[in-house]
Engineer: 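Quick one: the structure is below, and I'll ask about it shortly.
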Amino acid sequence: ADRNGRWSLLPDPVPDDTVRAHALAAQLLDRHGVLTRAVSGVEGLGERAPAVYRVLAGMEEAGHVRRGYFVEHLGGSQFALPGAVDELRNDASTLEDDRPGERPDPVVLAAADPANPYGGALGWPTHADVAHRPGRKAGALVVLDGGDLVLYVERGGRSLLTFTADQAALARAAGALATSVTRGTTGPLTLSRLDGAEVLERAVLATPAAMALLAAGFTTTPRGLRLTPDRARARG
């Protein structure tokens, strides 16, 4: 029953393990685009992994998916939809050319989103702040720029970690985070700590990361750097 009290008749469970493995493989391909060994751990496949691998191998023989070495350092036996391979090649070509106006915009993702490779296919970059470590946690956010992790917003939005000193990258990432608030994708943010330090300390406010946040629309409040949808729209 749904929250309105309406009932729906669900189909009977499919007893055939192969059919269920095929459905799971199709779902994973649609979710990740490229399947690597690391996906098994992220998705918690466990004992279902061998069955999914056999289905993927059969789909590759039938020409429905491609098998190859699409992403470096993630091992062999990678499976991908043809469209995903084309997208990877296009993105790689754009980043290599690095022509003005053609670089993809930074993206703000939930840390647990399949599109975020960190903490799954890739390890989290090292960070000096050992008290606040990134993780694929519900409510946490990442900002990726050209595939590189730039910002990590801890669950609750009170702590932010940076993973670059590049001022241009920080400015782009802070702008993307502010846009996410503007669109309502992300709720209001009040950052009280930046890279493990109190954000309102004078030295912290003078850092490139804090300056990028202020330029993007965050304002100083007694509780920290804050941005709300109304404030973001006013600046826009």
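Numbers here simply count residues along the sequence, with the first being 1. Just so it is clear, the model here is predicted, and its values are computed rather than measured.
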Engineer: What verdict does the ring-ring contact (aromatic ring centres under 6.0 Å, His included) test give for Y152 and Y118, after you've listed the backbone C-alpha separation in whole Å, the side-chain angles of each residue and the deciding distance to 0.1 Å?
Structural biologist: CA-CA 11 Å; Y152 176 87; Y118 296 96; over 10 Å; no
Engineer: For side-chain contact (heavy atoms from CB on, under 4.5 Å), just list the numbers for L149 and N116, CA-CA rounded to whole Å, side-chain angles, deciding distance to a tenth of an Å, and then say yes or no.
Structural biologist: CA-CA 9 Å; L149 177 64; N116 170 35; 5.5 Å; no
Engineer: For a quick test of reading the model, state the closest non-hydrogen atom pair linking A176 to V143 and the distance between them.
Structural biologist: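 Residues A176 and V143, closest heavy atoms: CB-CG1, 4.3 Å.
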Engineer: Would you say the side chain of S159 lies within less than 4.5 Å of the side chain of S192, judging by non-hydrogen atoms?
Structural biologist: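 A side-chain contact under 4.5 Å is absent here.
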Engineer: When rounded to the nearest 0.5 angstrom, what distance separates CZ in R172 from CG in D105?
Structural biologist: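 It comes to 9.5 Å.
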Engineer: Got a salt bridge between E198 and R193, using NZ or NE/NH1/NH2 to carboxylate O under 4.0 Å?
Structural biologist: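 Between R193 and E198 there is a salt bridge, with a charged N closer than 4.0 Å to a carboxylate O.
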Engineer: What are the two closest non-hydrogen atoms of V150 and A169, and how far apart are they?
Structural biologist: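 For V150 and A169, the tightest heavy-atom pair comes out as CG1-O, 3.9 Å.
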Engineer: Do the side chains of T190 and L225 get nearer than 4.5 Å, heavy atoms only?
Structural biologist: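 Side-chain contact under 4.5 Å: no.
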Engineer: Look up atom OG in S40 and atom CG in L35, then write down how far apart they are to the nearest 0.5 Å.
Structural biologist: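 So the OG of S40 and the CG of L35 are separated by 10.5 Å.
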Engineer: L56 and V65: which non-hydrogen atoms are nearest, and at how many Å?
Structural biologist: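 Of all heavy-atom pairs spanning L56 and V65, the closest is O-CG2, 3.8 Å.
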Engineer: For R158, look at atom CZ and say whether over 12 heavy atoms of other residues, nucleotides or ligands are found less than 6.0 Å away.
Structural biologist: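 Count not over threshold, so no.
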Engineer: Around H22, counting heavy atoms of other residues, nucleotides and ligands shown, do more than 12 lie under 6.0 Å from its NE2?
Structural biologist: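 No, because the 6.0 Å sphere around NE2 of H22 holds 12 heavy atoms or fewer from other groups.
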Engineer: Inspect the surroundings of CZ in R223 and state if more than 12 heavy atoms from other residues, nucleotides or ligands are less than 6.0 Å away.
Structural biologist: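 No, CZ of R223 has 12 or fewer neighbouring heavy atoms, counting only those of other groups under 6.0 Å.
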Engineer: Do T219 and L227 come close enough that some side-chain heavy atom pair is under 4.5 Å?
Structural biologist: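 No; the side chains remain at least 4.5 Å from each other.
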Engineer: For A80 and F70, which heavy atoms make the closest approach, and how far apart are they?
Structural biologist: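 Closest heavy-atom pair between A80 and F70: CB-CE1, 3.7 Å.
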Engineer: Which value, rounded to the nearest 0.5 Å, describes the distance between M211 atom CE and L205 atom CG?
Structural biologist: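 Going from CE on M211 over to CG on L205, the span is 10.0 Å.
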Engineer: Could you report the tightest heavy-atom contact between P208 and Q167, atom names first, then the distance?
Structural biologist: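 Closest approach of P208 to Q167, heavy atoms only: CB-CG, 3.9 Å.
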Engineer: Test L170 against T164 for side-chain contact (heavy atoms from CB on, under 4.5 Å), laying out the working first.
Structural biologist: CA-CA 7 Å; L170 289 169; T164 182; 3.9 Å; yes
Engineer: When rounded to the nearest 0.5 angstrom, what is the spacing between OG1 in T228 and CZ in F218?
Structural biologist: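 Between T228 OG1 and F218 CZ, I get 10.0 Å after rounding to 0.5 Å.
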Engineer: For P114 versus H32, what's the shortest heavy-atom pair and its separation?
Structural biologist: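 Here P114 and H32 meet closest at CB-CE1, 3.5 Å.
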Engineer: Is there a side-chain contact between E154 and L161, using heavy atoms and a 4.5 Å cut-off?
Structural biologist: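 They are not in contact (no side-chain heavy atoms under 4.5 Å apart), so the answer is no.
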Engineer: Just wondering, do L81 and H64 contact through their side chains at under 4.5 Å, heavy atoms?
Structural biologist: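 H64 vs L81: side chains apart.
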Engineer: Would you check, one step at a time, whether the test side-chain contact (heavy atoms from CB on, under 4.5 Å) holds for T207 with T162?
Structural biologist: CA-CA 11 Å; T207 62; T162 65; over 6 Å; no
Engineer: Decide side-chain contact (heavy atoms from CB on, under 4.5 Å) for V39 and V34; before the verdict, give the C-alpha distance in whole Å, the side-chain angles of both, and the deciding distance to 0.1 Å.
Structural biologist: CA-CA 9 Å; V39 170; V34 178; over 6 Å; no
Engineer: Atom CZ of F79 and atom CD of E60: how far apart are they, to the nearest 0.5 Å?
Structural biologist: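 Going from the CZ atom of F79 to the CD atom of E60 covers 6.5 Å.
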Engineer: Can you tell me how far the CG atom of L194 sits from the CD atom of E201, to the nearest 0.5 Å?
Structural biologist: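 Rounded to the nearest 0.5 Å, the CG-CD separation comes out at 10.5 Å.
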Engineer: Examine L28 and V85 and state if one hydrophobic cluster contains both, with Ile, Leu, Val, Met, Phe, Trp and Tyr joined whenever side-chain heavy atoms are less than 4.5 Å apart.
Structural biologist: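 No, it is not one cluster - the side chains of L28 and V85 are not joined through contacts under 4.5 Å.
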